[in-house]
Amino acid sequence: MHESHNAGNKKSLAQLDTLDAALINRLQDELPLVSRPFAAIAEELDSSEDEVMERLQRLLAKGVLSRFGPLFQIERAGGLFVLAAMQVPEERFEAVTAQVNALPEIAHNYRREHTLNMWFVIATETPAEADQVCARIEALTGLSVLAFPKEREFFVGLRLPATANVFPGVPHGLESV
């Protein structure tokens, strides 16, 4: 899955109403294994399936959520995730970010305050393709790519609880896309 991220962009605190926060918190758990999982979630949240879908789409469109999708153990299907890093000169950072993010194999891209200031994840269908992507990035940018393939997997179970911070009837800029 390719996502276009601006590695240097900082966002302000998202404004969430009670249902937005409840939806974000609920979506961090497993989806119900039923034919209409969003209808089941809507029932849990005392809402409608349409409302849940509209809010999810709005939260994604407004950038409150950067992605919504499954997490795969790609190695079980023969693929590979590789954490990679580069040292990018400051004056080229935005241009290199655009070059890297334009590749469909790039899943995430983050700026760091470090000598290795760009970190990204490469997701490929085969291990050989990961090496090819690193070589392609090096050819495109003229910069070295350090690749760190996963040696072991750990389940952390990270949850980022959302809380409402707007009040009903008070405009908060999330009403429409």
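Just so it is clear, the values below take in all heavy atoms, side chains as well, and ignore hydrogens, waters and symmetry mates.
Taking 4.5 Å as the limit, some side-chain heavy atom of L27 sits within range of a side-chain heavy atom of I41. Between I106 and I122, some side-chain heavy-atom pair lies under the 4.5 Å cut-off. Here the side chains of E51 and L45 are not in contact, with every heavy-atom distance at 4.5 Å or above. L143 places a side-chain heavy atom less than 4.5 Å from the side chain of R92.
Summarising the geometry of P32 relative to E44, their closest heavy-atom pair is CG-OE2, 4.4 Å, with the distance given to 0.1 Å. Taking both residues in full, the closest heavy atoms of H114 and L116 are given as ND1-N, 2.8 Å, listed atom of the first, atom of the second, then distance. Contact between V82 and P149 at its shortest, heavy atoms only, is CG1-N, 4.1 Å. Closest approach of I24 to A162, counting heavy atoms only: CG2-CB, 3.9 Å. Across P161 and N25, no two heavy atoms sit closer than the pair CA-OD1, 3.3 Å. In this structure, V34 and A40 approach most closely via the heavy-atom pair CG2-CB, 4.2 Å.
Side-chain atoms of E138 come within 3.5 Å of backbone N or O of V145 as a donor-acceptor pair. The backbone N or O of T141 lies less than 3.5 Å from no partner atom in the side chain of Q99, so there is not a single donor-acceptor pair.
Partners of L60 by side-chain contact (heavy atoms from CB on, under 4.5 Å), not counting sequence neighbours, listed by chain and number: L56, L65, F68. Scanning for salt bridge (Lys or Arg N to Asp or Glu O under 4.0 Å) contacts around E125 gives an empty result, with sequence neighbours left out.
Within 6.0 Å of the CG atom in D29, the count of heavy atoms belonging to other residues, nucleotides or ligands exceeds 12. Remark: E30 CD is loosely packed, at most 12 non-hydrogen atoms of other residues, nucleotides or ligands lying under 6.0 Å away.
In this structure, CZ on R136 lies 5.5 Å from CG on L103, to the nearest 0.5 angstrom. Note that CD of E49 is 4.0 Å distant from CZ of R36, once rounded to the nearest 0.5 Å. Once rounded to the nearest 0.5 Å, the distance linking CZ of F120 with CD of E105 reads 11.0 Å. The structure places CD of E54 at 9.0 Å from OG of S47, a figure rounded to the nearest 0.5 Å. Rounding to the nearest 0.5 angstrom, the gap separating the CZ atom in F81 from the NE2 atom in H108 is 7.0 Å. Rounding to the nearest 0.5 Å places OG1 of T97 at 5.5 Å from CG of N109.
Here E90 pairs with R111 in a salt bridge; the nearest charged N to carboxylate O distance falls below 4.0 Å.
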